[in-house]
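Remember, it's 1-based here, ligands and their atoms both numbered in the order they're listed.
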Amino acid sequence: MKSRSSWAEPYKIKMVELLKMTTLQQRKKAIAAAGYNTFLLKSEDVYIDLLTDSGTSAMSDIQWAGMMRGDEAYAGSRNYYNLEKAVKETYGYAYLVPTHQGRGAEHLISTILIKKGDIIPGNMYFTTTRLHQELAGGQFRDIIIDEAHDPASLHPFKGNVDLEKLEKLIRQHGAEKIPYVCIATTVNMAGGQPISIDNLRQVRELTARHGIRIIHDMTRVAENAYFIQQREPGYKRKSIARIVREICDLTDGATMSAKKDALVNIGGFLALNDWDVFEEARNLVVVYEGLHTYGGLAGRDMEAMAIGIRESIDQNHIHARVGQVEYLGQQLIDAGIPIVQPIGSHGVFLDASQILPHIPQDQFPAQTLAAHLYMDAGIRAMERGVVSAGRDPKTGKHRYPKLELVRLTIPRRVYTQAHMDVIAESVMRVYNRRSQIKGMKMVYEPTYLRFFQARFEPV
Ligand code: PM9
């Protein structure tokens with residue numbers, strides 16, 4: 001295990017948010033009232049909130065100071081120009097369209113580039129990304145390497161694209177049916193797994209030959225860059241900033257949920273190199289988000305984002321961020337608990353199908369495990385399995401993903417090492433009584449992104 005000093009936090013705590021401690025009785029009542037869906041719990045009833053790393057990070061004093069410099073003009077806010085500069089200098093993309101969060105950018109790019117019947121290959125699906133592709137008339141195709149679907153595979157770059165899968169799709173459908181390839185850095189649904197520069201370069205060469213764009217889901221690009229620095233030959237001495245830039249330079253545009261890497265509570269953007277696509281996005285953003293110089297955000301939000309982008313590529317920050325996740329993951333590995341390996345960048349993913357093998361997938365093992373984790377110690381996790389995968393729009397049947405996972409997502413700069421210890425202890429307790437845990441049935445299912453609002457009952 002890595003020694004504590006190797007990832008100690010490069011900050012100190014100036015303000016704290018007090019948490020409510022609950023009893024087992026209270027938690028049982030709360031999770032039943034929430035339909036056994038951790039998304040429906042009241043945050044007040046949660047002790048350690050590992051639902052997501054999205055918008056849950058602690059901003060720095062410099063970001064908070066930036067909030068006070070918000071220019072709340074309707075048009076042409078100075079914070080927009082600061083953000084544009086930060087995006088250009090850090091990521092290299094030429095044109096910026098701010099959006100309220102990542103899915104706002106996904107909506108714009110899907111509407112602009114996808115025609116009915118198009119195919120969008122990607123290195124594993126993401127829930128909102130795929131839904132926007134489908135709503136625009138396209139179909140997602142998974143081109144990630146097979147190892148990504150195997151929680152036990154120790155492949156260092158499980159976010160890599162299987163180039164043969166991509167070539168086959170191009171042969172089958174023709175390049176004109178593929179408006180872009182969607183490349184995520186790091187791959188959320190695979191367990192926070194990175195793509196290598198070498199693989200991305202090969203994807204670039206192949207797509208360039210066929211005139212196909214690469215749209216980069218850069219939500220966690222700095223975390224991906226950290227893994228490249230640690231694992232890819234030739235990158236040890238390169239800075240995170242340089243690797244991030246190298247990744248972005250291999251792509252044509254990007255959607256960003258700034259609520260993750262960029263350390264803000266709200267915000268996102270679409271970034272593009274192609275003037276024509278930018279022109280359309282700038283036209284469309286005013287319909288759905290707001291004027292092109294604020295895209296649904298306050299000036300202060302854009303300022304915090306501009307500062308957060310620069311903080312996100314700091315070596316000490318990223319080392320501590322990923323180091324904390326690895327610290328938790330290693331404790332669970334040492335206790336013999338099946339998790340996705342290698343440990344990902346933004347969370348530890350419990351392998352619910354291994355932990356609860358007696359619960360069939362249509363009784364939602366990951367959803368069940370997340371509910372039991374909450375009951376044990378007030379730790380809120382997120383299901384990333386059959387519920388998140390949703391239904392096939394053609395057949396209406398559940399999609400059964402190979403990965404049936406519970407994500408313990410670590411917010412940035414929020415929890416301490418002692419919290420990580422409490423989480424590990426709770427997971428171990430639940431694991432030790434796993435044979436007594438029974439599955440669930442879904443009693444309410446919303447049409448879109450059902451994992452957010454579905455309700456369950458124990459069988
Ligand atoms: N990710 C997460 O918890 C937020 C809610 S779950 C739908 O992991 C990627 C890779 C994401 C992501 C959100 C989005 C959408 C796009 N790509 O939530 O709309 O992880 O800002 O971003 C969540 P927004």
Side-chain angles (χ1 to χ4, degrees), residues 37-40 43 49-57 97-110 120 122-133 135 140 142 144 148 158-159 182-195 215-224 247 251 253-271 288-289 295-297 301 305 308 325 340 344-349 366-367 370 380-385 387-390 403 405-412 414 446 448-454:
N37 183 347
T38 52
F39 275 102
L40 300 178
S43 148
D49 202 345
L50 308 184
L51 186 68
T52 178
D53 62 332
S54 179
T56 53
S57 299
V97 180
T99 56
H100 76 285
Q101 58 185 83
R103 69 198 73 179
E106 290 169 350
H107 178 208
L108 296 179
I109 198 70
S110 304
I120 304 93
N123 55 345
M124 203 172 266
Y125 84 100
F126 185 72
T127 52
T128 57
T129 322
R130 181 176 63 189
L131 180 60
H132 279 297
Q133 292 163 356
L135 290 173
F140 169 82
D142 191 4
I144 205 163
K158 284 165 96 172
C182 185
I183 295 294
T185 52
T186 59
V187 182
N188 192 350
M189 301 302 280
Q193 303 295 327
I195 180 171
I215 298 296
H216 173 199
D217 181 343
M218 61 178 299
T219 296
R220 297 181 182 86
V221 64
E223 294 175 6
N224 197 117
I247 294 170
T251 69
T255 55
M256 172 61 145
S257 171
K259 300 170 73 174
K260 283 82 166 174
D261 246 15
L263 296 158
V264 284
N265 303 124
I266 192 71
F269 59 78
L270 176 63
Y288 296 111
E289 304 277 322
L297 297 167
D301 298 327
M305 202 195 309
V325 178
V340 174
S345 67
H346 65 303
V348 176
F349 290 67
Q367 190 76 36
R380 167 154 76 170
M382 188 194 286
E383 191 266 6
R384 295 276 79 161
V387 183
S388 294
L403 299 177
L405 309 174
V406 171
R407 189 181 71 177
L408 306 171
T409 340
I410 310 299
R412 297 164 187 78
V414 171
Y448 298 117
L449 302 173
R450 62 184 184 177
F451 56 94
F452 283 132
Q453 289 151 341

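Between N188 and ligand 1, a contact under 3.5 Å exists for at least one N or O pair. The distance criterion of under 3.5 Å between nitrogen or oxygen atoms is not met by K259 with respect to ligand 1. At least one N or O atom of R103 sits closer than 3.5 Å to an N or O atom of ligand 1. An N or O contact shorter than 3.5 Å is missing between R384 and ligand 1 by distance.
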For the pair T185 and H216, evaluate side chain to side chain donor-acceptor pair (under 3.5 Å) and give the outcome as yes or no after the intermediate values. CA-CA 8 Å; T185 52; H216 173 199; 2.7 Å; yes
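Considering only non-hydrogen protein atoms, atom 10 (C) of ligand 1 sits nearest to D217 OD2, 3.3 Å. In terms of protein heavy atoms, atom 21 (O) of ligand 1 is closest to S257 OG, 2.6 Å. Protein heavy atom nearest atom 15 (C) of ligand 1, with residue, atom name and distance: T128 OG1, 3.5 Å.
Residues S57 and L263 meet the side-chain proximity criterion, which asks for heavy atoms closer than 4.5 Å. Here the side chains of L40 and N37 are in contact, with some heavy-atom distance below 4.5 Å.
Looking at R130, its side chain does come within 3.5 Å of a backbone N or O of A389 through a donor-acceptor pair.
For K259 and D53, the salt-bridge test fails: no basic side-chain N is under 4.0 Å from an acidic carboxylate O.
Within the structure, the closest approach of H346 to ligand 1 does not fall below 4.0 Å when heavy atoms are considered.
When M124, Q101, M382, K260 are checked for heavy-atom proximity to atom 23 (C) of ligand 1, K260 turns out nearest.
Side chains of E383 and S388: a donor on one and an acceptor on the other come within 3.5 Å. With 3.5 Å as the limit, one finds no donor-acceptor pair spanning the side chains of R384 and N188.
Below 4.0 Å from some heavy atom of G102 lie the following atoms of ligand 1, by number and element: 19 (O), 21 (O), 22 (O), 24 (P). Near F452, meaning under 4.0 Å from any of its heavy atoms, are these atoms of ligand 1: 7 (C). Listed by number with element, the atoms of ligand 1 under 4.0 angstrom from any heavy atom of T52 are 2 (C), 3 (O). The distance from ligand 1 to the heavy atoms of T127 drops below 4.0 Å at these ligand atoms: 7 (C). Applying the 4.0 Å criterion to heavy atoms of S54 picks out, from ligand 1, the atoms 4 (C).
Ring-plane geometry between Y125 and F140 is classed as perpendicular, the angle between the planes exceeding 60 degrees on a 0 to 90 degree scale with a lower cut at 30.
A cation-pi arrangement is absent between R103 and F126, since the terminal nitrogen or guanidinium carbon is not both under 6.0 Å from the aromatic centre and inside a 45° cone about the axis.
By the criterion of a heavy-atom distance under 4.0 Å, the side chain of R407, and not its backbone, is placed next to ligand 1.
Within a 6.0 Å radius of CZ in F452, other residues, nucleotides and ligands contribute more than 12 heavy atoms.
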